[in-house]
Amino acid sequence: MKPSTIQRHTTPLLHSLATALLLPALSLATLSSCERDEVLIDIEETQVTTPVFTDIYGFYLLNEGNMGSNKASIDYFDATEGTYYRNIYAARNPTVVKELGDVGNDIQIYGNKMYAVINCSHKVEVLTPDSAKRITQIDIPNCRYIAGYKSHVYVSSYVAPVQIDPTAPRGAVFKVDTVSLAVVDTVEVGYQPEEMTIVGDRLYVANSGGYRVPEYDNTISVIDLNTFEVADVITIDQSSNFHRLDHDSMGRLWVSSRGNYYGDINSDLLVIDPVSKQMIKSMGVPVSDMWLDDDTLYTISTEWSYITGDNAVSYAKIDMATMEITDRNIIKDGTDQRISLPYCIAVDPVTKDFYVCDAKSYVVSGTIYCFGSDGTLKWRQTTGQIPAHIAFRGKIEQQ
């Protein structure tokens, strides 16, 4: 994975704010194999598959928890055991009041620390990647997503209170030192910023304008990481309400738009040239979450419509080099018919197994499905409420 996270959901903005605004990321870390045993926890332990030994030891899954319910939680899958552990944060940190907090919005392992962005609790929890024990918390208002680069992590923030507000101020990106774990700088960006990606020494920030409905933002802020100032702004006249953001091996930006949920502006995936600041192609693919594996992009969508009053579910696989859709049916055995609301997708960089998380009704426990690279089901397991963000753990270095 690249230094930024990839991921999460396309629902109406007013859908309790927990599923449209407070959506779902991911990353890999360099860790020594001697750390693996410490993460094993005797709590809701389930053997789901046979052990597999690769440079990926397993992954953490951050469950958002329905907004206002204080039910964010973390699960762990240990690939070396084939064992799934539920709610390990509570077990590892029994003295933390209110446990993890309200709405888990992103999780990433960067360097020797793991960062969990807890949106409505206005904090980033810093944990040990080997055991999920709390190191500290960093207070950041209405924080959204995180990206790591060199000796800092960068956190996007709506800044404003969690509410629809046409007068809501611009958002910001907070710069955090990975040693002191202190906020060392901030920079103002567009309205309600979401995911970020780093190309060279520039940080690109997708701005949604979600609180200002129907006047959504249609810009990508460009931050020079040497000066930590906004060096440029990319304006996309053809779309708005941006969410997911990553880049391919050619440096092109891939940004998702949530649309306006009324059918006249649909969710879409756009390819942007950051040099000319022009849209290269509209893929015509709705995106709730996406995951980049080499130069292949996996997408899922639960696109809400106020016209139909329902979600349209879809999947896709895209060759980013050719900018062509290669597969509209990534699940080959019919298991997709059992998935109500696909909310998260992730791909193991070694085995190429891919994972799809089902949020179901948002108020009950979800389910994670593991598929082989051929699209057939290998195993499934009950998760916490609204399973949303995955961070792989292992010896794979960040690119």
Side-chain angles (χ1 to χ4, degrees), residues 7 24 26 28-29 31 33 35-65 71-92 100 104 107 109 114 116 129-132 289 291 293 298 300 315 330-360 364-396:
Q7 266 80 274
L26 27 130
L28 307 176
L31 299 167
S33 59
E35 296 172 323
R36 280 180 283 181
D37 292 340
E38 297 182 20
V39 80
L40 306 183
I41 297 168
D42 295 325
I43 179 172
E44 298 188 60
E45 172 185 338
T46 306
Q47 188 81 24
V48 295
T49 188
T50 56
V52 175
F53 299 93
T54 71
D55 284 344
I56 295 296
Y57 307 150
F59 62 79
Y60 289 97
L61 170 61
L62 176 63
N63 302 288
E64 288 189 2
K71 287 187 177 179
S73 64
I74 296 176
D75 298 345
Y76 182 73
F77 170 63
D78 189 326
T80 67
E81 289 188 332
T83 305
Y84 193 92
Y85 298 88
R86 288 187 61 189
N87 199 20
I88 66 169
Y89 180 88
R92 284 298 190 183
L100 193 55
I107 189 168
I109 297 172
M114 181 163 66
D130 59 319
S131 60
D289 191 18
W291 186 282
D293 179 59
Y298 291 72
I300 58 172
Y315 304 82
I330 63 174
I331 298 173
K332 305 298 184 181
D333 60 1
T335 304
D336 54 308
Q337 299 302 312
R338 303 165 64 178
I339 302 175
S340 303
L341 286 170
Y343 201 82
C344 164
I345 190 164
V347 182
D348 186 305
V350 176
T351 66
K352 306 304 178 182
D353 289 348
F354 66 92
Y355 300 86
V356 175
C357 295
D358 186 357
K360 298 184 176 179
V364 298
S365 296
T367 301
I368 185 170
Y369 294 83
C370 173
F371 297 93
S373 59
D374 61 354
T376 60
L377 182 67
K378 299 180 76 171
W379 56 267
R380 63 179 178 175
Q381 174 60 26
T382 300
T383 67
Q385 191 181 85
I386 313 182
H389 314 271
I390 285 176
F392 286 101
R393 174 174 174 263
K395 293 191 290 186
I396 303 294

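Everything quoted here is computed from the prediction, not taken from an experiment. We number each residue from 1, following the sequence as shown. Below, all heavy atoms of this structure are taken into account, side chains as well, without hydrogens, waters or symmetry copies.
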* Asked: Roughly how far, to the nearest 0.5 Å, is CZ of F354 from CD1 of I330?
  -> 4.5 Å
* Rounded distance [0.5 Å steps], CD1 in I107 versus CE in M114 -> 4.5 Å
* To do: Any chance you could measure N63, atom CG, to T383, atom OG1, to the nearest 0.5 Å?
  => 4.5 Å
* Asked: For D78 and T83, does a side-chain donor sit closer than 3.5 Å to a side-chain acceptor?
  -> no
* Structure fact -> Between Y89 and A132, the two heavy atoms sitting closest are CD1-O, 4.2 Å
* Asked: Any salt bridge between D374 and K332, counting N to O under 4.0 Å?
  -> no
* **All ring-ring contact (aromatic ring centres under 6.0 Å, His included) counterparts of F77, not counting sequence neighbours** => F59, W379
* Can you find a pair of side-chain heavy atoms, one from D130 and one from R393, that are under 4.5 Å apart? -> yes
* **Atom pair CG (L62) and CD1 (I74), whose distance is rounded to the nearest 0.5 Å** => 5.5 Å
* **Heavy-atom closest pair, residues A346 and I390** => CB-CD1, 3.8 Å
* Asked: Can a donor-acceptor pair be found between the side chains of D293 and Y298 at a distance below 3.5 Å?
  -> no
* Kindly indicate whether the side chain of I109, heavy atoms from C-beta on, has any atom under 4.5 Å from the side chain of P129. => yes
* Shortest non-hydrogen contact from A72 to L100? -> O-CB, 3.4 Å
* Structure fact -> CZ (R92) and OH (Y76) are apart, to the nearest 0.5 Å, by 11.0 Å
* Is there a donor-acceptor pair closer than 3.5 Å between any side-chain N or O of D358 and the backbone N or O of K360? -> yes
* Could you tell me whether a side-chain N or O of R86 sits under 3.5 Å from a main-chain N or O of D75, the two making a donor and an acceptor? => no
* Asked: Side chains of T351 and I56: closer than 4.5 Å at any heavy-atom pair?
  -> no
* Main-chain N/O of Y84 paired with E44 side-chain donor or acceptor, under 3.5 Å -> no
* For Q385 and P387, indicate whether the former's side chain and the latter's backbone hold a donor-acceptor pair under 3.5 Å. => no
* Structure fact -> Rounding to 0.5 Å, atoms OH (Y355) and CG (L61) come to a distance of 11.0 Å
* Answer yes or no: is there a side-chain heavy-atom contact under 4.5 Å between D353 and K378? => yes
* If you take all heavy atoms of Y343 and I300, which pair is closest and at what distance? -> C-CD1, 3.5 Å
* Does any non-hydrogen side-chain atom of C357 lie less than 4.5 Å from one of I368? -> yes
* Please collect all salt bridge (charged side-chain N to carboxylate O under 4.0 Å, His left out) contacts where either partner lies in residues 48-63, sequence neighbours excluded, each pair once. => D55-K395
* Are the side chains of D348 and F392 in touch, meaning some heavy atoms are under 4.5 Å apart? -> yes
